[in-house]
Amino acid sequence: MDFGFMMHYAPYFVNAAYMTVFISFFGLVLSLVLGLICVAVQMANVPVARQIVRAYVELSRNTPLLVQLYFLYFGLPKLGVSWSAETCAIVGLAFLGGSYMTEALRGGFEAVPRVQLESARVLGFSPVQTFLHVTVPQALSTAIPAVVANVIFLVKESSVVSAIALADVMYVTKDLMGQTYDTYESLTLLVITYLVILLPISIVGTVLERRFDYARR
Amino acid sequence: MTDINATTTGSASLGVAGAAEHPAVTAQGAALSVRHLVKQYDNASAPVLNDISFDVPAGQVFVILGPSGSGKSTLLRTIAGLEPIQGGEITMGGELLRQAQSAGKLRSASASDSTKVGMVFQSYDLFPNKTVLGNIMLAPVLVQKRDKASVQAEALRLLERVGLADRKDAWPHELSGGQRQRVAICRALIEHPQVMLFDEVTAALDPEMVREVLDVILELANSGQTMLIVTHEMAFARAVADHVVLLANGSIVEESDHPQEFFDHPHTERAQQFLATFTYDRGQRQS
Ligand SMILES: Nc1ncnc2c1ncn2[C@@H]1O[C@H](COP(=O)(O)OP(=O)(O)OP(=O)(O)O)[C@@H](O)[C@H]1O
Ligand SMILES: [Mg+2]
């Protein structure tokens with residue numbers, strides 16, 4: 001292994017990692033917001049909106065992210081909407097992640113026992129108070145493992161944005177391999193970069209799981 | 001539990017703080033009055049509760065008995081406002097609490113309305129995301145908008161009473177079933193409910209934990225708290241009851257102001273039959 005080569009190109013990977021983290025971060029925040037909205041619609045059983053959410057979840061989960069990105073990056077301009085590659089990447093990730101987060105959060109909300117809500121009601125809580133102080137904390141604690149798994153999945157999935165010429169970790173790796181033919185070193189740098197990004201997420205996830213594991217009996 | 005037993009003789013007791021600030025009844029008469037109550041679940045062919053009427057005078061302990069499926073839980077749930085009713089009305093201290101709704105919807109209750117009734121369920125229902133103290137303090141602070149410091153002081157007094165002062169910072173999952181039920185009782189009491197409802201609160205407990213919970217309820221009875229108790233613990237029912245009601249097939253089959261007499265010499269055949277299910281006869285062994 002050529003460590004000199006790796007040290008030389010490492011700064012490129014640092015910059016690329018910023019791009020991956022930037023895209024992933026905003027994609028994830030939007031995914032969670034979208035997921036919460038969708039779950040709220042499903043839980044409140046809003047007539048038409050519920051069907052829309054159902055259709056969205058199926059469409060989003062059953063099409064590849066690459067296709068969703070191509071649609072945003074190459075398709076939308078034909079309709080007169082031109083977004084930057086960054087915007088397309090973030091919106092694409094959010095579109096995909098929203099459905100995964102919806103399913104993860106829904107599991108948490110459905111797991112809140114009915115007697116919890118009834119206790120809150122007899123104690124005089126309003127529906128909003130019950131939602132904020134009983135339902136949400138318990139639902140989130142149950143959903144944490146699934147949400148963390150989705151976060152890691154989406155960060156990895158963000159490598160697809162290299163296909164629309166965004167200089168993320170994957171893009172830089174392909175570039176480097178093309179220029180230097182040092183495939184082995186390039187891929188090693190790629191793996192290290194992803195580990196540096198994902199391991200802390202994994203660790204924080206485990207800590208959160210422990211901290212909020214209310215359900216253990 | 002030693003402190004419970006030690007304080008039973010004293011005048012200070014679980015419900016006194018509440019009773020002083022919120023008199024259980026305005027003047028004379030019933031704390032809780034149920035009139036021609038009809039409850040039928042959607043999709044059910046017959047009502048579970050069919051024209052039930054009774055009065056619970058202030059300070060009385062009402063024990064409701066009946067076979068499985070006779071509607072005991074349903075009755076408590078209608079009083080607690082968890083089930084809409086199809087006929088009749090429930091009043092508390094002379095004020096309307098629940099009534100039949102044509103649309104099958106529950107009348108929206110005001111915050112003060114909704115804290116008139118306290119309930120403890122069979123399943124342990126403490127909020128797992130709150131500590132013991134957090135569970136007890138949440139409703140008085142959030143719903144009744146009471147001062148946090150005084151609520152905390154009262155919560156600690158209640159915990160002391162049920163012998164759990166040292167567990168105030170524990171999480172529900174760290175407690176035994178009996179301890180959780182005692183905390184659940186504190187959580188209901190701190191709102192100073194006029195009526196407490198207990199639905200088979202010891203049914204899911206190991207036998208050695210039943211006692212510690214029932215002792216708390218007995219002490220509460222001595223303090224003058226009005227309550228309705230559903231239980232399968234006959235020895236306890238006999239000890240605690242001022243009034244016994246036997247529910248079967250949607251109606252009150254027999255009731256009595258003399259619990260000892262009811263248990264020893266029930267009048268109706270249905271009551272005799274029901275009570276017989278709790279006794280075992282050595283004669284059965286031979287046959
Ligand atoms: N949510 C519901 N929907 C439809 N039917 C119900 C519902 N809850 C209870 N029932 C029915 O109503 C009847 C009375 O039930 P309830 O739980 O009040 O009985 P119970 O006297 O408390 O019985 P147990 O001693 O087993 O707790 C039963 O036949 C039951 O199947
Ligand atoms: Mg029951």
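Computed from a prediction, not measured in an experiment: that's the story for all the values here. Below, chains carry the letters A, B, ... as their sequence lines are ordered, and counting in each starts from 1.
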Original post:
B:Leu138 and A:Phe125: side-chain contact (heavy atoms from CB on, under 4.5 Å), yes or no, with the steps?
Top reply: CA-CA 9 Å; B:Leu138 195 57; A:Phe125 291 21; 3.6 Å; yes
Subject >> More than 12 heavy atoms of other groups within 6.0 Å of A:Trp83 CH2 >> reply: no
**OP:** Test side-chain contact (heavy atoms from CB on, under 4.5 Å) on A:Leu123 and B:Val143 and set out the steps.
**Re:** CA-CA 8 Å; A:Leu123 287 169; B:Val143 178; 5.6 Å; no
Original post:
Looking only at heavy atoms, which two atoms of B:Asn129 and A:Gln138 are closest? And how far apart?
Top reply: OD1-NE2, 3.3 Å
**OP:** Apply side-chain contact (heavy atoms from CB on, under 4.5 Å) to A:Ser119 and B:Met119, showing your working.
**Re:** CA-CA 8 Å; A:Ser119 297; B:Met119 183 161 180; over 6 Å; no
Less than 3.5 Å apart, which donor and acceptor atoms pair up between the side chains of residues 17-35 of chain A and the rest of the protein, not counting sequence neighbours?
from: A:Thr20; atom 1: OG1; to: A:Ala16; atom 2: O; distance (Å): 3.4
from: A:Thr20; atom 1: OG1; to: A:Val169; atom 2: N; distance (Å): 3.2
from: A:Ser24; atom 1: OG; to: A:Thr20; atom 2: O; distance (Å): 2.7
from: A:Ser31; atom 1: OG; to: A:Gly27; atom 2: O; distance (Å): 2.7

Original post:
Which pair of heavy atoms, one from A:Gln116 and one from B:Leu126, lies closest together, and at what distance?
Top reply: NE2-O, 2.9 Å
**OP:** Please indicate whether B:Lys148 has more than 12 foreign heavy atoms, meaning atoms of other residues, nucleotides or ligands, lying under 6.0 Å from its NZ.
**Re:** no
Subject >> Partners meeting salt bridge (charged side-chain N to carboxylate O under 4.0 Å, His left out) with B:Arg35 (sequence neighbours left out) >> reply: B:Asp55
Original post:
How close do B:Lys130 and A:His133 get, heavy atom to heavy atom, and via which atoms?
Top reply: CE-O, 4.3 Å
Subject >> Proximal component of B:Phe121, with respect to chain A [non-hydrogen, under 4.5 Å] >> reply: side chain
Original post:
What part of B:Arg77 gets closer than 4.5 Å to chain A, counting heavy atoms only: side chain, backbone, both or neither?
Top reply: side chain
Subject >> Heavy atoms from other residues, nucleotides or ligands near OH of A:Tyr56 exceed 12 (cutoff 6.0 Å) >> reply: yes
**OP:** Taking atom NZ of A:Lys156 as the centre, report whether more than 12 heavy atoms of other residues, nucleotides or ligands fall under 6.0 Å from it.
**Re:** no
Original post:
So which heavy atom on A:Arg121 is nearest to which on B:Gly81, and how close?
Top reply: NH2-O, 3.5 Å
